[in-house]
Peer 1: 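Take this structure first; my questions come after.
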Amino acid sequence: VRTLERLGVAAAFGLPGSFILPLYDALERSSIRLISARHEQGAALMAEGYAMARGEPALCLATAGPGATNLVTGLACAWADSQPMLVIVGQVPAAFLGRGALQEAGGVGSRTVNQLGLLSHVCKGVRRVGSAAEVEAALTHAHHLATSGRPGPVCLELGVDVLNEAADWQGLPLPRRVRPASKTVLLAEVACRLLSADSPAVIAGAGVIDSGAAGLLLELAQALHLPVATTLKGKGALPEDHPLSLGCLGLFGHNAANRYLRGAPDLIVVLGAGLGEFSTQVYDPSLLAAPIIRFDIDPRPLPAPFAAALDVPGDIRQNLRRLLRLLPRRGAPQERVASLAGLKAATGHLNEEAAASDQAPMRPERLMAELRRALPGDALVFSESVTWTERYLPCLKAGTHRVGTGMAPIGFALPAALGAAAALPGRPVVAVMGDGGFPLNGLELLTAAHYGLPVIALVLNNGRYGSVFDAQTFLFGGRHVGSELPAVDLAGLAAALGVRSVRIEAPQEAGAAIEQALGAAAPVLVEAVIDPEARPPLKPRYLQRTKAWRVPGYTDSPTATQAIVGMLKEA
Ligand SMILES: Cc1ncc(C[n+]2csc(CCOP(=O)(O)OP(=O)(O)O)c2C)c(N)n1
Ligand SMILES: [Mg+2]
């Protein structure tokens, strides 16, 4: 615990059990804030949200066996989202391994789970620590591994016998966080190419936010008047109210970003983005036809058919800082900026019509507009309803719109928001999710109430697993199997959990309800009844993608074809 304190670990999220109890006990007597969750998945996602909010790892704790296996999805999510985390799982005493001990999980007995083997697939590193004497070095190394390079969770397994064993504290030196930079000659080449391009553009991903480079991106964009599109994960890396912001690229992104990138650029600088399926509109070659210069801490190959013409490996903040030193601050073509405003106005950037609609039940676009009006610019939003927040909830400050789309599990937003509330006391934090996603970790509202974490849980209630329901409309002839949700008395549920709630049935109620929740200084469940027929605009490439998954022999009914064609308004 003393080592954890020295490493700057300030919070722990976990769920207790026999084999981790000595650590629980010691944490209670430390400066580390311990938050006990209702499920280990929740604890892991809280630690992920903490890292997203604060840029530092929290501790995540689980007991041996079921505790450790319950971590899998949460750790997988943090791993896929490249978020640092220190994980400690308990284990039965070494002498009991392989002998059918309760919850033993060393993989040595018959039908015994190898918990570390399992977690090794969702962690950056795992290690069994065999003696108390190794703990300090193992923790120090784990922290270094979790935070350096491309961050991720790192897991240590400690037997309860090791946790109870005494050891001398050595006071090992703490490693400094390494931020490797590329060579100046490489950055000079980037500067040359940028300056000689006619219409360069930037695509920014989460790597910009996570490396703390958003301020430098703003400088770069302004210095050269570069239009900036982001991926969903990088949303807001350049504030979306900035004239150079194109918004988000991709299947559910902004038309302005998609259209601009298809047409204009003769050079694309990709900063900390993996350019996956959704960002690239299912690997559409026309979206990234210009040569790509790519900055990344982990320059793995881009997905086919894309390839970087120039790779700039290293820490994005370091590299952008060096690049900026090489660039003149020239007055750049202002008309580029003017044309972006025109492009956004012409492409229904925020679906202004729906965003102003007074219909009840509410259009999600209107809810997003009300949410934006009510929230302060620095409020943190953890979104699972990404098809609505990505496009219709402008992000005004880098790092204030966070998603778990590395894995895209439903159940992410609420626990992640709790972790962020623990990381940044006093900052408003909102979890945006559907009525299908809420139940997965909804009982963590108990945790919020118990520890006084004042999150707003905003549930978009459309009575269904909307995206699944829609897929069944397109792919299964409208047979909606298992996608309609029974009505739940969310207010009654919230009351039982000791949490206040408010229900929004008409758009005129939304602003006041959200403001009231913001002022509550306590967790509040805000239920927004949403028009179940509201669907995000569909792009042809999305349809092309899902059509390939249709049941054999399927043909569209005339009404389905009509409905689909009606939705295909987008480029
Ligand atoms: C853990 C997990 N299980 C299943 C899915 C598949 N899935 C994706 S979206 C979705 C439905 C979400 O419904 P809801 O939260 O109500 O949002 P809506 O689309 O209705 O707005 C499901 C089940 C998933 N992403 N993650
Ligand atoms: Mg729903």
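Just so you know, ligand 1 is whichever comes first in the structure, and atom 1 is the first atom listed for that ligand.
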Peer 1: Under the side chain to side chain donor-acceptor pair (under 3.5 Å) definition, can you give me all pairs with a residue in residues 508-522, not counting sequence neighbours?
Peer 2: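 Matches after skipping sequence neighbours: none remain.
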Peer 1: Would Leu86 and Val9 count as a side chain to side chain contact (heavy atoms under 4.5 Å, CB included) here? Give the steps.
Peer 2: CA-CA 9 Å; Leu86 271 175; Val9 175; 3.8 Å; yes
Peer 1: Check for me whether Arg402 meets the cation-pi criterion with Phe382, that is, NZ or CZ under 6.0 Å from the six-membered ring centre and within 45 degrees of the ring axis.
Peer 2: no
Peer 1: Could you name the protein residues that come within less than 4.0 Å of ligand 1, counting only heavy atoms, and order them by chain and residue number?
Peer 2: Ala408, Pro409, Ile410, Gly434, Asp435, Gly436, Gly437, Asn462, Arg464, Tyr465, Gly466, Ser467, Val468
Peer 1: Above 12 or not: heavy atoms from other molecules or residues under 6.0 Å from CZ of Arg545?
Peer 2: yes
Peer 1: Please confirm whether the backbone N or O of Gly276 pairs with a side-chain atom of Thr280, one donor and one acceptor, at under 3.5 Å?
Peer 2: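 Side chain of Thr280 to backbone of Gly276: a pair is present.
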Peer 1: For residues 56-68, which side-chain donor-acceptor pairs fall under 3.5 Å, sequence neighbours excluded?
Peer 2:
| residue | atom | partner | partner atom | Å |
| --- | --- | --- | --- | --- |
| Thr63 | OG1 | Phe19 | N | 3.2 |

Peer 1: Any salt bridge linking Arg503 with Glu505? Criterion: basic side-chain nitrogen under 4.0 Å from a carboxylate oxygen.
Peer 2: yes
Peer 1: Please check if the side chain of Asn441 supplies one atom and the backbone of Glu444 the other of a donor-acceptor pair under 3.5 Å.
Peer 2: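 Not at all, since once roles are kept as given, no pair shorter than 3.5 Å links the two residues.
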Peer 1: Between Arg366 (side chain) and Ala354 (backbone), is there a donor-acceptor pair under 3.5 Å?
Peer 2: no
Peer 1: Report the protein N/O/S neighbours of the Mg ion (ligand 2) that fall below 2.8 Å; do not count waters.
Peer 2: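 Under 2.8 Å from the Mg ion (ligand 2) - ignoring waters, which are not counted - the protein N, O or S atoms are Asp435 OD1, Asn462 OD1, Arg464 O.
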